[in-house]
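Worksheet for the structure shown next.
Here is how names work: the chains are called A, B, and so on, in the same order as the sequence lines, proteins then strands, and each is numbered from 1.
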2 protein chains.
Amino acid sequence: MELILDERKRQILQAIIDDYISTAEPVGSRTIARKYDLGISPATVRNEMADLELLGYLEQPHTSSGRIPSVKGYRFYVDCLLAPPQISDRDIAIIDNWYHTKARRIEEVFQETVKILSRMTRNVSMVLAPQVSQQCTFKYIQFLPLDERRSIVVIVTDTGLIENKIIAIPEGLSHEDLGRVANAINSHLGGLAIDRITTPVLKDIQNDILPDPQVYERAITLLRQVLTVDKNEKVYLGGTTQMLNQPEFRDVDKIKGLLTMLEEDRLLCDILHMSNSDGVIVTIGQENKYSGIHDCSVVQATYRIDGQVVGTVAVLGPTRMEYGKTMSVLKFMQRHLGEILKQYKVL
Amino acid sequence: MELILDERKRQILQAIIDDYISTAEPVGSRTIARKYDLGISPATVRNEMADLELLGYLEQPHTSSGRIPSVKGYRFYVDCLLAPPQISDRDIAIIDNWYHTKARRIEEVFQETVKILSRMTRNVSMVLAPQVSQQCTFKYIQFLPLDERRSIVVIVTDTGLIENKIIAIPEGLSHEDLGRVANAINSHLGGLAIDRITTPVLKDIQNDILPDPQVYERAITLLRQVLTVDKNEKVYLGGTTQMLNQPEFRDVDKIKGLLTMLEEDRLLCDILHMSNSDGVIVTIGQENKYSGIHDCSVVQATYRIDGQVVGTVAVLGPTRMEYGKTMSVLKFMQRHLGEILKQYKVL
DNA sequence: TGTTAGCACTCACATCAGTCGAGTGCTAAT
DNA sequence: ATTAGCACTCGACTGATGTGAGTGCTAACA
């Protein structure tokens, strides 16, 4: 890769991409020479453009049309031309202001976050929420009586993320039995990281505490059921209507394809793979794994609670997106969300 | 209103609407005479059509184009021409099959329901879930300790619908204090219908049980906060992508308008007003309160738990929708959902 | 008197040629 | 090395034309 484009080529490339991002129209040499005063004539720009196209940074939709950036062009733009993402104080103020709607429940925080992200970036946004099975620790399990035959299992972790589920009480167990089971489990598992609760550990409890195998067996099945059910990742999605404003989605079939895709949580989770890096990751156009978003880019960043990566915030938009703005917002959000969530964790 | 259309006019009107519903194209006299063998010639049909248009049942997009039903036409179709909605055994089997994914948690039931509704009707569907404040009765409140400064309030009702919320423990209250508050509240409110928990009742507790006004004041604030916060109705929405398949939504701006509207929960709640009737209510085109859905129809039915209306199931689609099918599915669902939810209520 | 065949008429829609203009590549002059 | 000039390309727009589905009306018919 000849990343050593001379200064003028860089300037022209940047100007072209900037212009294309804001207008969504192929950019001509005249526009560049006029709008961005680089002190050169359209003809010169044309020559440079021809070079840039030859090098693969630009494309021409049809002969005698302006140029648009190629994936390689965007890549170079994002990696080399863009100033390091820096969010403005004004944006921070806006975000803070939006967050000020009361968000006591943890899901509300995520819901609010996707809303803010899409409003700021005018694109679709996603947040992968921390899974229970992540780093948080088990605090206790409790059975709340509901009636003779049913009970509510509540699992409380140190992040305050509680999971509850109505269960039918197995034949032959009383509420008191459940209480004893809970005690046994709690004394053994209290303070343990959720993902350490494995079959051998559970076996331990069986041997130690509860001699009655029948009661135990059933209780553990319940616990496991609750834990495994809650393992599926939760993705929050927002701002899908934003995308209808983008000229690249004037086509109903395109919209349909994308919306249908976004309905599949499994796919979204897969897109939002958590890297361990702290940076903002940009995946442009065909770099994406799924062909459904080959004309989209994904900008994502992981966020941490107490140094541990627990989830991802991301924005999805057309390849022609405001990378600078998006990256800066996400960079801010990764820190901000982590801080907010920390309040939900034990201090 | 001259509802006394003669038999042939009825047949023709029905044929036209049926045809328009399935093709989305203005219907011509030739089509009617050919496809639906009423034993009359196109010319006769034309005469009848002219009459029907004069009476307001049909419209003509432009001279020399086929006819399309007017709102009045649809109204007559729904009220007088349609056979009473009857779901087929095959559809019941399909629905049953779809429901068989495990749905232990109550929200999953609703989520599943909107999915099924939109798949069956190929339209957007909505379910207004029972509010806590509906007819169900308060069972108990409980404070689960989270850490020194925070606690989880859990409110359990007889429908098993529990609400939980993390709260900061007010300065000066211990977990034991909270426990006592809970006991006091429970002994007073246990078994009471949620909507009977009013300010005077809460005052009662204050006077009777808790002489310490400071502790009480704070605790009640919490309770009220939880109760009022949970008062906002919960609407489940599904199948928005379905609408992209409808030819009337080939236009991106229309889609945008509708999708934006559907994002507003408040509006949806308002659309799904709960009548007390047991029937299926159809609101056609401009009969709708909101101009955003003036070219849509809403078909809705309330569902009951133990005889009490608790929520609404609804389908939203273009005025040109399969009313018969939609109504039959909803009619089935109103009963079915009630039954499913009954399992979540005390027996 | 109700029904129907025939016919002129309407109008959306598709097609096609012509024009326009933004933009290019190339060449020659600076 | 840069730029002015020029011929060329090609998408987008415009207006004319043809087509066909459909109508309304009138006159003939059972």
Atom of Val252(A), atom of Arg250(B) and distance for their closest heavy-atom approach: CG2-O, 2.7 Å
Of the nucleotides [options], which has the atom closest to the [X] side chain?
{"X": "Met49(A)", "options": "dT24(C), dT3(D), dT23(D)", "answer": "dT24(C)"}
{"X": "Arg30(B)", "options": "dG22(D), dG23(C), dG25(C)", "answer": "dG22(D)"}
{"X": "Ser41(B)", "options": "dT4(C), dG23(C), dT3(D)", "answer": "dT4(C)"}

Test for a donor-acceptor pair under 3.5 Å between the base of dT10(C) and the side chain of Ser64(B), counting only N and O atoms. yes
May I ask you to verify whether the side chain of Arg46(A) and the base of dG25(C) hold a donor-acceptor pair under 3.5 Å? yes
How many whole angstroms separate atom [atom1] of [X] from atom [atom2] of [N]?
{"X": "Ile68(A)", "N": "dG23(C)", "atom1": "CD1", "atom2": "P", "answer": "14 Å"}
{"X": "His62(A)", "N": "dG21(C)", "atom1": "NE2", "atom2": "P", "answer": "18 Å"}
{"X": "Gln60(A)", "N": "dG23(C)", "atom1": "CD", "atom2": "C1'", "answer": "9 Å"}
{"X": "Glu25(B)", "N": "dA12(C)", "atom1": "CD", "atom2": "P", "answer": "14 Å"}
{"X": "Arg67(B)", "N": "dC11(C)", "atom1": "CZ", "atom2": "P", "answer": "14 Å"}
{"X": "Asp19(B)", "N": "dG22(D)", "atom1": "CG", "atom2": "C1'", "answer": "14 Å"}
{"X": "Ile32(B)", "N": "dA21(D)", "atom1": "CD1", "atom2": "C1'", "answer": "14 Å"}
{"X": "Asn47(A)", "N": "dT2(D)", "atom1": "CG", "atom2": "P", "answer": "9 Å"}

Whether the side chain of [X] engages the backbone of [Y] through a donor-acceptor N/O pair (distance < 3.5 Å, no angle test) should be reported.
{"X": "Thr319(B)", "Y": "Cys296(B)", "answer": "no"}
{"X": "Arg320(B)", "Y": "Ile21(B)", "answer": "yes"}
{"X": "Thr326(A)", "Y": "Glu322(A)", "answer": "yes"}

Assess, by modelled atom type and distance only, whether the side chains of Tyr36(A) and Thr31(A) contain a donor and an acceptor separated by less than 3.5 Å. no
Does [N] have its OP1 or OP2 closer than 4.0 Å to a side-chain nitrogen or oxygen of [X]?
{"X": "Arg34(B)", "N": "dG22(D)", "value": "no"}
{"X": "Thr63(B)", "N": "dC11(C)", "value": "yes"}
{"X": "Ser65(B)", "N": "dC11(C)", "value": "no"}

Find which nucleotide of DNA chain C each of Val27(A) and Ala43(B) is nearest to by heavy atoms, and output the residue with the more 5' nucleotide. Ala43(B)
